[in-house]
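Computed from heavy atoms alone, side chains included, the values below leave out hydrogens, waters and symmetry copies.
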Amino acid sequence: MTNSKAGNFMNVQFAARSENESFARIVVAAFVSRLDPTMDELNDLKTVVSEAVTNCIIHGYDSDPEGIVTISASLDNETVHLTIEDQGRGIEDLELAQQPLYTSKPELERSGMGFTIMENFMDEFEVTSEPGHGTSISMKKTIVSKKALYN
């Protein structure tokens with residue numbers, strides 16, 4: 001996903017703790033800031049990072065802080081490539097998990113809209129998962145330069 005041929009790239013790993021969700025949002029926002037995203041684009045990116053990281057923590061690791069969440073990102077011209085993954089429990093039924101309003105943790109009052117939000121906020125979205133080996137969410141979004149909006 002991320003390599004030196006794609007232009008600028010970064011990889012970061014952190015403990016699967018809920019307090020690290022804001023850290024993840026800030027890291028990705030800072031990384032893409034050189035593309036001068038609009039506030040809406042930046043908010044979309046921060047939202048998908050929150051959703052993906054929360055899924056890793058709550059579903060992938062069942063809130064076990066010993067887990068590790070990995071974010072890889074690269075910039076290719078105006079396109080952001082983003083992968084967020086865990087090595088946790090994985091998803092048994094990926095098709096069911098991607099249905100709007102489905103949640104495997106209704107006792108936590110989860111909305112079941114995480115995958116739907118990520119898919120709607122990004123240009124491309126793909127989830128791969130293997131039970132017992134984790135889940136990877138890969139996304140892509142092209143940033144429309146604010147300069148182009150005013151010309």
Side-chain angles (χ1 to χ4, degrees), residues 1-2 6 9-33 35-65 67-146 149:
M1 165 68 180
T2 56
F9 69 96
M10 69 99 182
N11 295 298
V12 63
Q13 292 184 321
F14 51 89
R17 297 175 174 268
S18 60
E19 63 260 33
N20 286 335
E21 178 195 337
S22 60
F23 166 76
R25 291 167 54 101
I26 291 167
V27 166
V28 172
F31 182 71
V32 303
S33 66
L35 297 179
D36 197 23
T38 64
M39 285 305 295
D40 286 342
E41 290 169 330
L42 195 56
N43 286 332
D44 288 354
L45 286 167
K46 289 165 57 177
T47 298
V48 300
V49 168
S50 289
E51 293 292 339
V53 168
T54 298
N55 279 354
C56 292
I57 294 167
I58 292 175
H59 300 289
Y61 293 118
D62 206 18
S63 299
D64 178 359
I68 296 173
V69 178
T70 302
I71 298 178
S72 302
S74 66
L75 303 178
D76 183 14
N77 295 317
E78 285 79 36
T79 302
V80 179
H81 300 265
L82 188 61
T83 300
I84 301 174
E85 57 192 345
D86 65 64
Q87 300 301 314
R89 68 173 42 191
I91 301 170
E92 292 287 333
D93 187 339
L94 192 53
E95 188 175 326
L96 177 62
Q98 290 185 30
Q99 295 301 310
L101 304 178
Y102 173 79
T103 180
S104 63
K105 301 228 182 241
E107 71 278 8
L108 298 179
E109 298 183 20
R110 309 302 302 170
S111 71
M113 294 298 292
F115 285 148
T116 302
I117 289 168
M118 288 182 260
E119 185 173 19
N120 285 320
F121 283 11
M122 301 299 281
D123 298 332
E124 292 182 23
F125 170 81
E126 180 182 10
V127 180
T128 56
S129 188
E130 185 178 339
H133 296 283
T135 301
S136 177
I137 301 170
S138 297
M139 301 172 276
K140 185 162 65 167
K141 184 170 188 76
T142 299
I143 302 299
V144 178
S145 171
K146 281 196 261 187
L149 293 175

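- Judged purely by atom type and a 3.5 angstrom limit, Tyr61 has no side-chain atom pairing as donor or acceptor with the backbone of Cys56.
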Let me see the working for Leu35 and Val80 under side chain to side chain contact (heavy atoms under 4.5 Å, CB included), right down to the final yes or no. CA-CA 9 Å; Leu35 297 179; Val80 179; 3.7 Å; yes
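- To the nearest 0.5 Å, the span separating OG on Ser63 from CZ on Arg17 amounts to 11.5 Å.
- Val28 has its side chain within reach of Leu82: a pair of non-hydrogen atoms, C-beta onward, lies under 4.5 Å apart.
- You'll find the side chain of Val48 stays beyond 4.5 Å of the side chain of Ile137, heavy atoms only.
- Taken to the nearest 0.5 Å, the CZ atom of Arg25 stands 11.5 Å off from the CD1 atom of Ile71.
- Closest heavy-atom contact between Ala24 and Phe14: CB-CZ, 3.7 Å.
- Atoms CG and CD, on Asn20 and Gln13 in that order, are 12.5 Å from each other to the nearest 0.5 Å.
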Report the C-alpha distance between Ser138 and Glu126 in whole Å, list the side-chain angles of each, state the deciding distance to 0.1 Å, and finish with yes or no for side-chain hydrogen bond (donor to acceptor under 3.5 Å, both in side chains). CA-CA 5 Å; Ser138 297; Glu126 180 182 10; 5.5 Å; no
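- Looking at Asn55 and Met118, their side chains come closer than 4.5 Å, going by heavy atoms from C-beta outward.
- Taking 4.5 Å as the limit, every side-chain heavy atom of Phe121 sits out of range of all side-chain heavy atoms of Asn43.
- The two residues Glu21 and Val53 have their closest heavy-atom pair at CA-CG1, 4.2 Å.
- The aromatic rings of Phe115 and Phe125 are tilted relative to each other, their planes meeting at an angle between 30° and 60°.
- A distance of 6.5 Å separates CG in Leu45 from NZ in Lys141, rounded to the nearest 0.5 Å.
- Within the model, atoms CD of Glu41 and CG of Asp36 stand 9.0 Å from one another, a figure rounded to the nearest 0.5 Å.
- For Ser129 (side chain) and Gly134 (main-chain N/O), a donor-acceptor pair under 3.5 Å exists by modelled atom type.
- In this structure, CG on Asp86 lies 11.5 Å from CG on Asp64, to the nearest 0.5 angstrom.
- For the pair Ile117/Thr47, a side-chain contact is recorded, criterion being any heavy-atom separation below 4.5 Å from C-beta on.
- Residues Thr135 and His59 form no side-chain contact, since every pair of their non-hydrogen atoms from C-beta on lies 4.5 Å or further apart.
- Across every non-hydrogen atom of Pro37 and Leu42, the tightest pair is CG-CD1, 4.1 Å.
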